[in-house]
Structures are given as C-alpha cells and as structure tokens.
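Notes follow the structure.
Keep in mind that what you see is a predicted model, and the values were worked out from it rather than measured. The chains referred to below are lettered A, B, ... by the order of the sequence lines, with proteins before strands, and numbering in each begins at 1.
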Number of protein chains: 2
Amino acid sequence: MSRPADPKAHSALVAAARAEFVKKGLRGARIEDITAACGLSKGAFYLHFASKEALFDEVVQALASAMRALHSARTVGLEEVGAERGRLTARDVELRTPRYRRYLALETEFDQQALQMMWEHRDTLDVLIRGCAGTAFEGLVWTFLEEEVARARAEFQAMQRSGAGRGDVEAELFAELAVGAYFLVGKRLSRLAERPDLEAWASTLQRLIHGGALASRGAPGLAHARRGAPTRCGRPVGGRTAAPRRPAKRRRTP
Amino acid sequence: MSRPADPKAHSALVAAARAEFVKKGLRGARIEDITAACGLSKGAFYLHFASKEALFDEVVQALASAMRALHSARTVGLEEVGAERGRLTARDVELRTPRYRRYLALETEFDQQALQMMWEHRDTLDVLIRGCAGTAFEGLVWTFLEEEVARARAEFQAMQRSGAGRGDVEAELFAELAVGAYFLVGKRLSRLAERPDLEAWASTLQRLIHGGALASRGAPGLAHARRGAPTRCGRPVGGRTAAPRRPAKRRRTP
DNA sequence: GCCGTTACTAAACCGTCGGTCAGAAATTGG
DNA sequence: CCAATTTCTGACCGACGGTTTAGTAACGGC
C-alpha cells in the first residue's frame, strides 16, 4: 500500500541543486528554483532533504570519500613500489633509470585519477572554493588541500634527503605549488563545457613541475616525454556575459 | 554652520566592511554589523554609501587600478630592457649570461611588487575569489587573471621562439600555471596574520617555475640563487575552528 | 469499488535584512 | 542663547526566502 515516491525525484533534486549551487552559491541558491527545475513544489523538497545544507552535505560527503580513496590509494601505491624497487636516488633522476621512470609513471597515473575525480566533482569543488563563504562549509576545501600538501611535502622531503629533489627550495612551498597547480586546473575544469584531455594535462604539468619551464640542456627523456603536438586547453563553457561593473545607484555623500 | 561629519566615519566603515566581507562574503555581510563595528547606526551607512555593493565597488576599483598600474609597469619595463639589451636567447639561458640575469632580476622585482600589492589587498582578493558568488562581481577576478595569463603566455611564446623556453609545453598551460602559482600564494596570504618574507617567496617560486623541482645536474647559478636557509612559510591567522560537518537537523525521508 | 497511506501542492508563517524617514542631537554662525 | 543646518538614530516597512502545515491526489491492497 501507500504511494511510492517518484524514483527520479531524489536524484533530480540533487542534480538541479548542484546546478543552482554553481550558479548562485550555497547561500544564493533558492529552494524554489531547485524544485521548479524538476517540476516539483517547494514543499516536496522537505520530503527528501532536511534542509538545503543537508542536501549539500550529501554531495560533499561523496566528494570527500572519493578524495580519501584516492589519497590512500596513492600512499599504499607509493609504499608498494618503494618496497618492491627501492627508493629514488639522485642517480636515478640524473640518468632517468627505469626506477625513476617507474615512479614517474606511478605519479602520472595517480595525478590522472585525481584530475578525473576532480572533473566528475567539478561543480561541488567549485562551490566549496567560491560558493560557500559564511556557511558551515567555509574552509572545508582548505582542510582537504592541507592533507594533500602534507603528503606532497613528505614525499618531496624524502626526495630531498636522497638527493633527488633540489635542496634550495622549501618543501612546504614546493608542496603548495604542486598541489596548487592541480587545484587550479581543477578550478578551471568548472569553466569548461566538455572534458579536456586530462591525461595530457597531467603529464604536461608533471613535466613543468619536475623540469621547469626553461629549455634544458639536452636533457634525456625530453623527447620521450613529448607526445605529439602540445595539447590545446579546451573551450570555456558558454554564457558568462561581459565585465560586471558598477552596480552603482545614486550616491548621497556630498 | 552645520554639523560636520565624523572625518573618520567613511574610512572606518570601509575598514569594518572589508573585515565583514572577508568573514561572511559580500552577500552574507550585514550592514548593521558593519555599522555596529564602528559605533554607528544602520542609517548612518546610507549617508556615506548608496549600498553595500557601492562600498564594495569602491574597494574593488582601488584594487583594479593597482593591478592595472602593475600590469603596464611590467609591460613597459620589459620593453625597455628589450630595447636596451636585446631579446633573450637559448644561449643566454644556457650560460646564465648577464642579459639572462638582468631579465631574471626584472621579473623578480615585478613579482615581488605583485605579491606586495596582493598582500595589501588580500582581503578584497579573497572576497572576489570566494565571497561573491551570485553577485554582480562574480567572475571579475577571472577577467583580471585572464589578462595576466595572456601577458605571461605572450612572454613565454617569445621565449619559446628564441629557444629560451622549452618547446614541449603549451604556452597557455604554462601561463596558467605561472599566474596561478602567484594567485594561489595570494590566496594563501589571506590566511596569514602577518606579512611573510614575500621577497623570498617570489624568488623561490621563480626558481621552481624556471628550473623545476628536480635536482639539476650541477647547474650554474644554483648557489647564487640560494639565499641563506630556505624560507619558512608564515603563521596562519588564529581562529578558524575545526572541521565543520553535518549541519544536520532531523530528516524526514523514510 | 473503497480504504489507508504517503507523496506532493499551495499557501501561510515567520525570521531576516536592505532600505527609508521622522525626529533627536550636535555643531556653527550670529 | 537662538536659529539654521547637517549628522546621526532607531523604529519601521516591505521583500525575500526557508520552513511548516493543512489539504489533495495518487497508489497499493483488499
């Protein structure tokens, strides 16, 4: 007995809410707009979620667990290769030994997975970054990043100890830059209409971060790193009209 | 005749508003909180500003003109040195010639100025980045960045043509990374209580961006780039309590 | 068909906040 | 001290939007 709920209602609400959150931010999104987008009434919203924040929390939890999964996969992956093939040394880096290449491939793979994850959750990420000021979710994205920075710093410090990482750079700053680079690219994803070549992005970023922007003096591995033409950067999503300036009304100050 | 306005009222309101904007975002900041912070009543606000947005606009214009000034200073500065000492070549980079060092110093100087500017306007930047979703100022910060990216891309492409920049990297992606790095650092400034050693940050960033994170094979100029111990990263501003999760109330979904 | 249950609707409710305005307070010139 | 003038106050208005709730209708079981 009893009337069954529209099986699509819940997911439709989530989808509409995500779109609305991206457009107006968590605070600015209106329940009525969300429900109207799925042909429901405002009241129906509260049959499925306790509040706007509860819905957003659900979405954020999905992102958080995806991040945790990736984070620990990376840690154990690195440990496994470490146990299996030994730590990276300065010599490995200098001669681009198979061990160096193994580490490089591993990192690339995880970076690609990270980008893929960011692509799937790009709307939520965007809201966490720039759409939840003054809410309970404020700063949550920084705690996420902080964990990644800590991991990257530890890895780089290990490389520095073994001579593989340059010693004249503070590990913390390096980690911020590296994590930040991916973060930025993730941020940019939210402005793209269709999925760019994330795999190429990952390897380009890695080349830049490892080798720098200056032409290297006949470094080996440069030709091997190249994969066809440099990659284009994707089309921005349509809309977003021109520069918004001066919402000005009249002024009364003499 | 007539009663003169409190001469400090205007600037006090601006200061209080900036603080409130950072705390709650443009939308979330309440006029009454702003005026209360300077011991004024809500009505007094409208003697000085037409609206909350008008006040914010005033603050943003100040930032915008500071950015424009820096932007054009950089362009003319680069042109001057170009006319005076000639363009950078692959050889300059390889041998770290005086010309290379001149360019490097110039860039460092402007980067430091940029960081300094960002430090002074860190609160406004922060609001533009993460506190104005769904307002008229939405996306303004990206148009600012877009200009910088365009400049960086053009500069890097020139370096690629002359062989000074590595050719296997898309100039656009490089430019995004480079501008993004400063942007991120600027973002981080808003979480610091006191001014860090921005000069050291600028040169570390430059070393990373130019030379990469990997230990270089006895590259010249490495020792000269080092300046004492690697720099610490500053103390975060106090407050900001632990992870905000589950604003949850009760749920009604069966 | 009828009944019980539950999804859903429509409208009311109510707190919040931007903006207004009548009057009180302050200052200056006389 | 008075008058003129402007600043400043704080109660008020109205819109907006999240949440609640009384009522409606769809569905399953009999």
Side-chain angles (χ1 to χ4, degrees), chain A residues 1-14 16-17 19-21 23-58 127 131-137 247-254, chain B residues 1-14 16-17 20-21 23-58 131-137 247-254:
Chain A
M1 62 178 83
S2 95
R3 175 182 176 184
D6 180 347
K8 299 190 301 281
H10 191 92
S11 59
L13 281 171
V14 171
E20 212 60 32
F21 289 153
K23 223 183 298 173
K24 310 268 194 67
L26 179 54
R27 200 182 202 110
R30 292 166 48 215
I31 305 247
E32 213 160 359
D33 290 342
I34 294 170
T35 52
C38 4
L40 290 174
S41 71
K42 192 158 60 152
F45 182 90
Y46 292 91
L47 295 171
H48 297 273
F49 304 95
S51 67
K52 201 164 55 161
E53 282 73 24
L55 190 163
F56 187 59
D57 190 64
E58 191 175 305
V127 177
C132 63
T135 75
F137 299 91
K249 303 187 178 176
R250 79 261 95 107
R251 182 159 307 198
R252 285 208 291 175
T253 319
Chain B
M1 63 178 88
S2 97
R3 175 181 175 184
D6 180 349
K8 298 191 300 285
H10 190 93
S11 59
L13 282 171
V14 170
E20 212 60 32
F21 288 153
K23 224 184 297 175
K24 308 270 193 64
L26 180 53
R27 200 185 201 104
R30 292 166 47 215
I31 305 247
E32 220 160 352
D33 289 342
I34 295 170
T35 52
C38 4
L40 290 175
S41 70
K42 188 160 64 155
F45 182 91
Y46 293 93
L47 295 171
H48 296 275
F49 304 95
S51 68
K52 200 163 55 160
E53 283 72 25
L55 191 164
F56 187 60
D57 190 64
E58 190 174 305
C132 64
T135 74
F137 299 91
K249 302 185 178 179
R250 77 263 98 104
R251 181 158 310 196
R252 284 207 292 174
T253 320

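A salt bridge does not link A:Asp33 to A:Lys23: none of the charged nitrogens lies less than 4.0 Å from a carboxylate oxygen.
Residue side chain A:Lys52 does not reach the base of D:dG18 through any donor-acceptor N/O pair under 3.5 Å, judged by distance alone. Taking 3.5 Å as the limit, the base of C:dT27 and the side chain of B:Arg3 contain no donor-acceptor pair of atoms between them.
Under the 30°/60° scheme for interplanar angles, the aromatic rings of A:His10 and A:Phe49 are found to be tilted.
Atom CD1 in B:Ile34 sits roughly 12 Å away from atom P in C:dC17 (whole-Å rounding). Atom CZ of A:Phe56 and atom C1' of D:dG18 are 18 Å apart (whole Å). A:His48 has its NE2 atom 9 Å from the P atom of C:dT9, to the nearest Å. With rounding to whole Å, B:Asp6 atom CG is found 15 Å from D:dT9 atom C1'. Regarding A:Glu53, its CD atom lies at a distance of 12 Å from the C1' atom of D:dG17, rounded to whole Å. The CD1-P distance, from B:Ile31 to D:dA15, rounds to 18 Å in whole Å.
Closest to the side chain of A:Arg30, out of C:dT9, C:dG18, D:dG17, is D:dG17. Among D:dC8, D:dT19, C:dG19, the nucleotide with an atom closest to any side-chain atom of B:Ser41 is D:dC8. Among D:dT20, C:dA7, D:dC27, the nucleotide with an atom closest to any side-chain atom of A:Tyr46 is D:dT20. Set against D:dC8, C:dG19, C:dC8, the side chain of A:Leu47 has C:dC8 as its closest nucleotide.
Heavy-atom distances to DNA chain D give each of B:Lys42 and A:Gly28 a nearest nucleotide, and the one nearer the 5′ end belongs to B:Lys42. Each of B:Phe45 and A:Phe45 has a nearest nucleotide on DNA chain C; the 5'-most of these lies closest to A:Phe45.
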